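Structure, as structure tokens:
Please read all numbers here as calculations on a predicted model, not as lab measurements. Numbering of ligands and ligand atoms starts at 1, following listing order. All residue numbers in this chain count up from 1 along the given sequence.
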Amino acid sequence: MAISGFMKGLSCFHRAKPRTKIHPLHCFARRSREFSISSSSIADDDPVLPVLIVGAGPVGLVLSILLKKLGVRCSVLERRTEFSSHPQAHFINNRSMEIFRKLDGLAEEIEKSQPAVDLWRKFIYCTSLTGRILGSVDHMQPQDGAGSRIRSLVGIELSGEKDLQKLVSIHFRSRDLGDYLLKERPGMLFFIFNTEAIGVLVAHDVKDGEFVLQMPFYPPQQNLDDFNSENCKKLIFKLAGQELSDVEVIDIKPWVMHAEVAEKFVCCNNRVILVGDAAHRFPPAGGFGMNTGIQDAHNLAWKIAAFVKGISPSSILKTYETERRPTALINTELSVKNFRAAMAVPAAIGLNPTVANSVHQVISAGFGTLFPSALQKVMLDGIFSIGRAQTSEFLLNENNPVGSSRLAKLRRIFEEGKSLQLQFPAEDLGFRYLEGALISDGNGASTTVEPPSGRRREYVPSADPGSRLPHTYIRPLSNSPTNKTLSTHDLIPVDKLEFLLIIGPHNESYQLARAALSAAEEFGVSVKVCIVWPADTNVGTEGKSESPLSPWTNFIDVAEVKKLGTNLVSWWDMCEMSDDGAILVRPDEHIAWRVKSGVDEDTISEMRSIFSAVLSLQ
Ligand SMILES: Cc1cc2nc3c(=O)[nH]c(=O)nc-3n(C[C@H](O)[C@H](O)[C@H](O)COP(=O)(O)OP(=O)(O)OC[C@H]3O[C@@H](n4cnc5c(N)ncnc54)[C@H](O)[C@@H]3O)c2cc1C
């Protein structure tokens, strides 16, 4: 997705169920009021449209919803006249769901449409869907511990690894297969290796029998005709280990796996901005593609609003690149490492995909070119069937010394968690911006971000500038009957350009809050003050902060809600804050600035200088 600007001046994982009935794109589009299929509908009384979004993929649609909520007019241009029903993502991470929670019930709609977690918690490695299971990994166990035209028009290059693998994605339905897997071996991904075929089956909706099969594709020796409906059915039967009477092939699409990030995300005097797959494309290992794009949109929306509303100069849009490009590079590296881990399993049983790719290269570009293309295809098929013979029951069994050592290697890979992983809490929730629309501090915040290891690392909540505000449950202290438990994230509205200042109930902090409210008013932005009282504070403290904050009224007194067994450390302590510390949170829930223990200097000048830096005014 790319944007062309014509400018004047809690946590659990989720799966999208991509049925036409409740396709996530339809969910996004329903909320995108000005969504339009053709450029003809962008006409309006105002001759200048501040934002034009090119591409109604998930990222373009989410950005349009966020912008409209912030009061920024935009239109979405889409070259297709219908939504594709071919599933292209199935894993939505925590951070994206946190964003969706604020989009008029989108998170609830996705939650309702997702299958029960027991149906997709596992990756299963087998010789066929009805045959021998080589191993399985449960990804929900408690743990220890795109080809953008806009981009090419503005001359931005992508750098990274191209053509990691060519694949064909076969979207099909079979209720018989769904019923079988539901009863016998529920899972999300099935890696199938046998002497006749190799493929990865994504079970999108076992109850409805909706699947996507990913098959390696080797053009030009293979062409799309090799994957016509009839051939695809035969491949499905080979991988299922039996014929199925009700297979309906819906769609067949070739695609190429890359690991690339655009050299720039913002160009043409801050008027053209790349977001989502137009800015980065990774192997779909770990489900970071769409999720990263949605988080790009969230980072960008408030900055566009600040510019369009005349609060910030257009240079604030540059901070989108400063913040999101490093995150895209990290997620690319992580996805490549995870993709390589996925390759460890076939390699252990003698099916090294790197070898297959090299053989294909030799046939396509080396001595193979001396032969007619029909013969090249026969050569390729022959070599691949020799490769697949490694998976025969005869070889891959405990009584055969080669097979037994390969099976032992496979067990080690699964036991040591060295196969394809699904959950990356540190990268999902713990991503952090080191510079951009924020003030880095000398309060012990680290100045580097650890490169991804490719293995699961836990999320460590942090209030370091640039981090996502740690979530905790809070309760408003007023007596209002409508009061209910909230998340700290609920204090940041999605439909208003508003910052949040979090303080404790102390005189110095109230003074700082008054200074922040006054400075923000000077800069034309809103700030809400949240005063965090000790967990045991009684309801009815309404008004406690009224007099110290007078004449300002945009504040809320809250207390942390302690959950049984988790009340050892308060949220404030976990954020490493002293009583008179303060945290300033941006409209995208990332921390703009924090002071661990009070501001010594003139608080008004300090807050002016903070807002001025965060809003790119200096
Ligand atoms: C097999 C597979 C599995 C995946 N699984 C996951 C997953 O589980 N989780 C995850 O987060 N990601 C996953 N991804 C990645 C995900 O599909 C992409 O990252 C995501 O679709 C990107 O969204 P986007 O809106 O940026 O781009 P797209 O979805 O590519 O949308 C771009 C839109 O722009 C339109 N368009 C293009 N050019 C023009 C033009 N010139 N004018 C007008 N319109 C135009 C296109 O028609 C399209 O509708 C997966 C990808 C694949 C291939």
Side-chain angles (χ1 to χ4, degrees), residues 1-4 13-18 23-25 28-29 32 35-39 42 52-64 75-97 99-100 110 114 120 139 146-153 164-171 188-189 199-202 204 211-215 253-260 262 265 273-297 300 328 331-332 335 338-339 420 422-424 427-428:
M1 203 271 312
I3 314 168
S4 186
F13 293 90
H14 297 273
R15 288 196 65 198
K17 191 160 71 167
H23 193 290
L25 279 184
F28 300 146
S32 177
F35 168 72
S36 60
I37 292 289
S38 81
S39 58
I42 61 172
L52 185 63
I53 298 171
V54 183
V59 177
L61 291 175
V62 167
L63 181 63
S64 74
S75 274
V76 185
L77 292 189
E78 170 56 51
R79 67 178 171 195
R80 291 185 306 208
T81 53
E82 285 182 353
F83 286 122
S84 158
S85 65
H86 196 118
Q88 230 178 280
H90 55 103
F91 183 69
I92 303 175
N93 70 13
N94 289 301
R95 186 64 189 130
S96 296
M97 286 301 278
I99 296 167
F100 294 166
I110 291 171
Q114 75 172 356
W120 54 276
H139 290 279
S148 165
R149 177 117 175 88
I150 301 275
R151 185 186 57 235
S152 55
L153 283 175
L164 284 167
Q165 182 78 54
K166 291 190 175 62
L167 295 114
V168 171
S169 176
I170 304 160
H171 181 201
M188 179 202 273
L189 295 186
V200 180
L201 183 80
V202 187
H204 276 280
F211 300 94
V212 172
L213 176 63
Q214 303 290 348
M215 300 284 302
K253 251 189 184 176
W255 64 282
V256 186
M257 194 188 288
H258 307 280
E260 294 180 303
F265 283 14
I273 305 169
L274 303 178
V275 189
D277 272 17
H280 42 71
R281 42 194 193 175
F282 332 130
F288 272 94
M290 179 187 71
N291 287 306
T292 305
I294 282 162
Q295 292 146 30
D296 291 343
L300 182 60
N331 290 352
T332 310
S335 305
N338 202 22
F339 169 65
L420 181 77
L422 182 64
Q423 295 200 35
F424 294 94
E427 286 81 8
D428 171 353

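Not a single N or O atom of Trp255, backbone or side chain, sits closer than 3.5 Å to an N or O atom of ligand 1. The shortest N/O to N/O separation between Phe288 and ligand 1 does not fall below 3.5 Å. Between Phe91 and ligand 1, at least one pair of N/O atoms sits closer than 3.5 Å. Of the N or O atoms in Gln214, none lie within a sub-3.5 Å distance of an N or O in ligand 1. No N or O atom of Arg149 sits closer than 3.5 Å to an N or O atom of ligand 1. Considering backbone and side-chain atoms alike, Val275 places every N or O at 3.5 Å or more from each N or O of ligand 1.
In this pair, Phe91 and Trp120 present their aromatic rings perpendicular. The plane angle is above 60°, beyond the 30 to 60° band.
Under the 4.5 Å side-chain criterion, counting only non-hydrogen atoms from C-beta, Gln88 is not in contact with Trp255. Proximity of His171 to Pro87: side-chain heavy atoms (C-beta onward) are separated by under 4.5 Å at one or more points.
Evaluated by nearest non-hydrogen atom to atom 3 (C) of ligand 1, the leading choice among Gln295, His86, Gln88 is Gln88.
Every atom of ligand 1 with a heavy atom of Pro58 under 4.0 Å away is listed here by number and element: 21 (O), 23 (O), 25 (O), 29 (O). Near Gly276, meaning under 4.0 Å from any of its heavy atoms, are these atoms of ligand 1: 26 (O). Close approach of ligand 1 to Val54 is summarised as follows: ligand atoms under 4.0 Å from at least one heavy atom of the residue are 40 (C), 42 (N), 43 (C). Residue Val59 approaches ligand 1 through these ligand atoms, each under 4.0 Å from one of its heavy atoms: 23 (O), 24 (P), 25 (O), 26 (O). Proximity to Leu77 (heavy-atom distance under 4.0 Å) selects the following atoms of ligand 1: 43 (C), 44 (N). Atoms of ligand 1 lying under 4.0 Å from at least one heavy atom of Ala89, given by number and element, are 4 (C), 5 (N), 6 (C), 7 (C), 8 (O), 9 (N), 10 (C), 12 (N), 13 (C).
For the residue pair Thr292 and His280, no side-chain donor N or O sits within less than 3.5 Å of a side-chain acceptor on the partner. Side chains of Ser96 and Asn93: a donor-acceptor N/O pair is present below 3.5 angstrom, by distance only.
In this structure a side-chain-to-backbone donor-acceptor pair under 3.5 Å is present from Gln295 to Asn291. Asp428 places a side-chain N or O within donor-acceptor distance of the main-chain N or O of Asn94, the cut-off being under 3.5 Å.
Evaluation of the side-chain contact (heavy atoms from CB on, under 4.5 Å) rule for Ala262 yields Arg151, Ile156, Leu158, Phe265, Leu274 as partners, not counting sequence neighbours.
When every heavy atom of Arg149 is checked against every heavy atom of Ser152, the shortest pair comes out as O-OG, 3.0 Å.
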